[in-house]
There are 2 protein chains.
Amino acid sequence: MICPFCRYEDSRVIDSRPSDEGSSIRRRRECTQCGSRFSTSETAVLSIIKRSGATEPFSREKVINGVRKACQNRPVDDDDLALLAMRVEEALRSTGQAEIEAQEVGMAILPPLRELDEVAYLRYASVYRNFSSLEDFEGEIALLRALPIEKSEIESESQVASPQLK
Amino acid sequence: MICPFCRYEDSRVIDSRPSDEGSSIRRRRECTQCGSRFSTSETAVLSIIKRSGATEPFSREKVINGVRKACQNRPVDDDDLALLAMRVEEALRSTGQAEIEAQEVGMAILPPLRELDEVAYLRYASVYRNFSSLEDFEGEIALLRALPIEKSEIESESQVASPQLK
DNA sequence: AAAGCAACCCCAATATCTAGGGGTAAGAGT
DNA sequence: ACTCTTACCCCTAGATATTGGGGTTGCTTT
């Protein structure tokens, strides 16, 4: 690991802690050469395959930007959006795939967005699922009425899995 | 490190390679529990302190978005922007700070942007440095004429430092 | 079509990291 | 004012990762 101070190529780990409930490891390193210290973070890779076929790292920011438009004039603040993006990331990581289709990201946004704000959810779904008529809206609304909000799979799953965690 | 497949908390490293010219380490891990494999990447932390005081991870995307506007109708493509953002990140990392003021990011953009396109550079500088009159433009133009393009410090520095690298 | 590159796979020795302990200090939240 | 949390500091023995070798495959780029 290159030292960001002197660019020497080698450094040793001084301290190491799991962080983010174990989904990443934070290390404190010391440059073998100049002795300066810096922090690093190790995270599971999560790449998104765009429709063009190109692949890029998952970005919470992009999720937020996509959803923000749907939240205009709605009681949704940046913290809500940040939390939503976190949940989406969680959901995607828990599928286990290292590479995920961009469309899957769109899908993963739906459940937590519904929990956050049903109006924003409708707007978002109308774009994402290509609503073409008033009936499409009505259909979705009927669905919303019929299906009670369920805790998104991520959470229910993690409740099953979590007993194994300390 | 939590397994993204089964969420078990422990995994072991199967393989480990420096990547990105040593600025990060890519590991292949195997879950102790379910045996599935996944990749991780360890990178030096680089946080940006926004004017609000909030801190967020550095994002090349944000740099690109900021510069793209200045590049309208200019012969600058996405690859150029990606390269520029990479250079900016490089420049910031080589300062050694783990946290950097948002303003520093703006500053770091200037030299590589000038190398890329002087028109875009002028536009960007006029916003970033709050030009208020035609004279400000003239002054900057005079400066550009006076100072030949110098390889940005990052590169000249790395040429000094690189002999130590293999 | 061939070369280059990035990710993937395997192995073995030793150097290095981790876990667990126990701390301090600063900032956010109540 | 106090608690919580996070980042920082230090220590040690045993467990684990790293390096360097070797190799495959598939995608870009020439």
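- Across all strands shown, S19(A) has no heavy atoms under 4.0 Å from either base or sugar-phosphate atoms.
- Atom pair E30(B):CD and dC8(C):C1' shows a separation of 13 Å (rounding to whole Å applied).
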message: Does F5(B) form a side chain to side chain contact (heavy atoms under 4.5 Å, CB included) with R37(B)? I'd like the steps, not just the answer.
response: CA-CA 9 Å; F5(B) 296 82; R37(B) 295 178 167 194; over 6 Å; no

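- At the phosphate of dC17(C), neither OP1 nor OP2 sits under 4.0 Å from any side-chain N or O atom of R27(A).
- For dC8(C), one of the phosphate oxygens OP1 or OP2 lies less than 4.0 angstrom from a side-chain nitrogen or oxygen of R26(B).
- Residues satisfying the side-chain hydrogen bond (donor to acceptor under 3.5 Å, both in side chains) criterion with Q103(A), sequence neighbours excluded, are absent altogether.
- A salt bridge is defined here as a Lys NZ or Arg NE, NH1 or NH2 lying under 4.0 Å from an Asp or Glu carboxylate O, and R26(A) with E42(A) fails to meet this definition.
- Using cut-offs of 30° and 60° for the angle between ring planes, the F137(A) and F131(A) rings count as perpendicular.
- Between S39(A) and D10(A), the residue whose closest nucleotide on DNA chain D is further toward the 5' end is S39(A).
- Mapped onto DNA chain D by nearest heavy atom, I14(A) and R29(B) fall at different nucleotides, with I14(A) at the one closer to the 5' end.
- Within 4.0 Å of S16(A), counting heavy atoms only, lie sugar-phosphate atoms of the nucleic acid but no base atom.
- One interatomic measurement links the two molecules: CD1 of I25(A) to P of dG20(C), which rounds to 13 Å at whole-angstrom precision.
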field: Per-nucleotide protein contact string for nucleotides 21-30 of chain C, where B marks a base within reach and S marks sugar-phosphate only (heavy atoms under 4.0 Å, - for neither)
entry: B---------

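- Of the candidates dC9(D), dC9(C), dT18(C), the closest approach to any side-chain atom of R37(A) belongs to dC9(D).
- For the residue pair Y121(A) / E115(A), no side-chain donor-acceptor distance below 3.5 Å is found, with atom types taken as modelled.
- Looking only at atom types and distance, the side chain of T32(A) has no donor-acceptor partner in the side chain of S11(A) under 3.5 Å away.
- Atom CE in M1(A) sits about 10 Å away from atom P in dT18(D), given to the nearest Å.
- Evaluation of the side-chain hydrogen bond (donor to acceptor under 3.5 Å, both in side chains) rule for K62(B) yields E56(B) as partners, not counting sequence neighbours.
- Distances shorter than 4.0 Å separate none of the side-chain N or O atoms of R12(B) from OP1 or OP2 on dT16(D).
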